[in-house]
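Here is the structure we will look at, set down as structure tokens.
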Amino acid sequence: MVTASIVSLKALVHGVSPWTPPSRVLRLRSRTLYSAVRDYSAAISPPSKAVVYDQHGSPDVVTRVTELPPVEINDNDVCVRMLAAPINPSDINRIEGVYPVRPPMPAVGGYEGVGEVHAIGSAVKGLSPGDWVIPSPPSSGTWQTYVVKEQSVWQKVDKSTPMEYAATVIVNPLTALRMLEDFISLKSGDTIVQNGATSIVGQCVIQLARLRGIHSINIIRDRAGSDEAKAHLKQLGADEVYTESQLEVKNVRGLLGNTPEPILGFNCVGGNAASLILKFLKQGGTMVTYGGMSKKPITVSTSAFIFKELTLTGFWLQRWMSSDKAEERQSMIDYLLGLCRDGKLKYELEVAPFDDFDTALEKAMGKRGRQPKQVLKF
């Protein structure tokens with residue numbers, strides 16, 4: 001009797017009774033085993049193929065593509081299958097060890113991108129498998145096939161957005177938008193001036209300014225293909241485009257014609273290119289520096305401070321992103337992605353398969369001449 005009771009209890013625990021036909025027992029046990037495997041597999045991510053580095057140095061030397069083991073998906077976590085991620089100059093600087101903020105090593109490269117929700121933790125609300133998300137604010141580790149991070153990291157985006165634009169909306173377009181809005185209260189008819197106009201930020205500044213009725217004066221380097229670059233920027237909405245050598249004149253303001261003098265300037269180059277912006281700015285104007293591609297210092301004349309009363313300041317998107325502006329940030333990202341979907345904001349990109357990472361990295365590092373921004377597709 002005791003033995004029979006024990007047998008019955010064991011059978012009920014496994015979802016069967018002592019009187020269940022053998023064929024049904026097999027089906028039920030198979031179903032129970034499948035359910036257990038399914039529940040277990042939902043609690044961890046798939047293995048991830050990633051770009052990893054263990055030390056700082058030249059990215060083409062210190063990075064390697066390797067497979068990472070599965071990661072546990074906790075209650076508040078979201079497992080994202082990455083779709084695309086760009087190679088930005090700041091990504092290269094992080095690997096080189098020269099960027100102010102760097103992840104601890106060993107580290108996975110990449111900082112922004114777009115992915116599809118693969119699985120969610122039990123406490124996650126508002127996201128479902130299949131949704132598209134971006135890390136906002138950006139966070140390190142996007143150069144891999146699967147990323148597991150807390151829900152607070154991810155912002156849902158419209159799946160009708162072109163994938164390459166969703167992957168690149170924050171670091172460059174948001175920088176352009178913030179600089180246009182944060183320093184001077186610009187109004188329709190005003191003028192801005194910038195160097196590095198062929199960069200992604202530069203292209204975005206031109207288009208966002210044009211949408212607001214703001215004129216743009218743009219400075220580019222003297223190089224092969226400068227005529228084609230000028231034509232491309234004009235198509236985007238640039239009012240004037242000059243090479244640096246064209247501005248080797250005593251009075252650059254004489255080139256403006258009926259265009260008002262610029263009240264705001266953006267510098268991402270430094271050196272002589274920054275000095276040219278200062279020459280263009282009107283009395284009381286402001287120059288915002290957000291990069292230093294030439295690695296040369298900014299030289300300012302005493303008269304620029306005393307007689308023109310110019311203001312020089314800087315902008316770093318990461319500091320702005322780390323402030324308590326989550327709702328404002330989400331609204332601005334949605335606005336920019338809407339412009340991308342409508343064809344009102346576009347910039348040069350080249351999508352590269354993740355398997356061709358080494359080639360894409362060489363292009364991003366400038367080892368194959370001037371190339372569009374590289375976007376890895378997973």
Side-chain angles (χ1 to χ4, degrees), residues 76-78 80 82-104 107-115 126-127 131-144 147-158 161 164-184 194 196 199-205 207-208 264 266-268 286 288-293 313-340 345 347 373 375:
N76 292 306
D77 287 344
V78 177
V80 174
M82 294 303 296
L83 300 173
I87 305 177
N88 288 316
S90 55
D91 296 323
I92 292 172
N93 293 156
R94 283 186 181 88
I95 297 171
E96 291 172 332
V98 298
Y99 201 74
V101 177
R102 303 180 294 275
V108 176
Y111 191 62
E112 67 173 331
V114 63
L127 288 178
D131 288 342
W132 277 21
V133 291
I134 60 174
S136 174
S139 60
S140 59
T142 57
W143 293 353
Q144 59 180 318
V147 178
V148 176
K149 295 194 176 183
E150 288 191 358
Q151 181 181 6
S152 59
V153 170
W154 304 105
Q155 176 178 334
K156 185 176 177 179
V157 298
D158 193 320
T161 306
E164 61 273 24
Y165 286 101
T168 57
V169 68
I170 294 184
V171 170
N172 295 142
L174 192 55
T175 292
L177 181 59
R178 292 298 346 138
M179 292 196 303
L180 283 168
E181 296 192 353
D182 282 1
F183 297 94
I184 297 289
Q194 66 170 341
S199 68
I200 300 295
V201 173
Q203 294 176 58
C204 291
V205 164
Q207 295 167 88
L208 294 172
L264 180 62
F266 303 135
N267 164 53
C268 68
T286 296
V288 180
T289 293
Y290 67 98
M293 292 189 293
T313 187
F315 178 79
W316 186 27
L317 181 67
Q318 186 157 333
R319 180 175 290 114
W320 185 87
M321 293 285 284
S322 63
S323 60
D324 188 21
K325 298 178 181 290
E327 290 186 11
E328 185 179 2
R329 180 174 68 239
Q330 182 168 346
S331 176
M332 290 183 169
I333 290 170
D334 289 341
Y335 166 70
L336 292 168
L337 290 176
L339 294 178
C340 292
L345 183 64
Y347 37 88
K373 180 177 290 292
V375 179

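Just so you know, these numbers use all the heavy atoms, side chains as well, and skip hydrogens, waters and symmetry mates.
In this structure, Ser90 OG and Gln318 CD are separated by 8.5 Å, a value rounded to the nearest 0.5 Å. Considering OG1 of Thr289 and CZ of Phe315, their distance stands at 12.5 Å, rounded to 0.5 Å. Distance check: Leu208 CG to Leu180 CG gives 6.0 Å after rounding to the nearest 0.5 Å. Here the straight-line distance linking atom CD1 of Ile333 with atom CG of Leu177 works out to 10.5 Å at 0.5 Å rounding. Taking CZ from Phe266 and OG from Ser199, the interatomic distance works out to 11.5 Å, rounded to the nearest 0.5 Å. Atom OG1 of residue Thr313 and atom CZ of residue Phe183 lie 5.0 Å apart, to the nearest 0.5 angstrom.
Remark: Arg94 qualifies as a cation-pi partner of Tyr111 under the 6.0 Å distance and 45° angle criteria applied to the six-membered ring.
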From CA spacing to verdict: side-chain contact (heavy atoms from CB on, under 4.5 Å), Asn76, Gln151 = CA-CA 6 Å; Asn76 292 306; Gln151 181 181 6; 5.6 Å; no

Applying side-chain contact (heavy atoms from CB on, under 4.5 Å), run through Val288 and Leu264 and close with a yes or a no.
-> CA-CA 8 Å; Val288 180; Leu264 180 62; 3.9 Å; yes

Please test Ile200 against Thr168 for side-chain contact (heavy atoms from CB on, under 4.5 Å), starting from the C-alpha separation and ending with a verdict.
-> CA-CA 10 Å; Ile200 300 295; Thr168 57; over 6 Å; no

Residue pair Ile87, Trp143: steps toward the side-chain contact (heavy atoms from CB on, under 4.5 Å) verdict | CA-CA 9 Å; Ile87 305 177; Trp143 293 353; 3.8 Å; yes

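Looking at Gln194, its side chain does come within 3.5 Å of a backbone N or O of Gly202 through a donor-acceptor pair. Remark: side-chain polar atoms of Tyr165 are paired, donor with acceptor, to backbone N or O of Tyr347 under 3.5 angstrom. Counting only distance, with no hydrogens or angles, the side chain of Arg178 and the backbone of Leu317 share no donor-acceptor pair below 3.5 Å. The backbone N or O of Ile170 sits less than 3.5 Å from a side-chain atom of Glu112, completing a donor-acceptor pair. Checking side-chain atoms of Ser331 against main-chain N and O of Glu327 turns up no donor-acceptor pair under 3.5 Å.
Scanning both residues, Leu345 and Gln207, for their nearest heavy atoms gives CA-OE1, 3.4 Å. The shortest non-hydrogen separation linking Val114 to Met82 is O-CE, 3.5 Å. Taking every heavy atom of both residues into account, Pro135 and Gly113 meet most closely at CD-O, 3.2 Å. In terms of heavy-atom proximity, Ser136 sits nearest to Arg329 at OG-NE, 3.0 Å. Of all heavy-atom pairs spanning Ala176 and Val205, the tightest one is CB-CG2, 3.7 Å. The nearest pair of heavy atoms linking Ala84 to Ala167 is O-CB, 3.6 Å.
Salt-bridge annotation for Lys373 and Glu164: absent, with no side-chain N of the basic residue lying under 4.0 Å from a carboxylate O of the acidic one.
With Val169 as reference, Leu337 is the one residue of Val157, Leu337, Thr161, Leu174 to meet the side-chain contact (heavy atoms from CB on, under 4.5 Å) rule.
A side-chain N or O of Ser139 and one of Lys149 form a donor-acceptor pair less than 3.5 Å apart.
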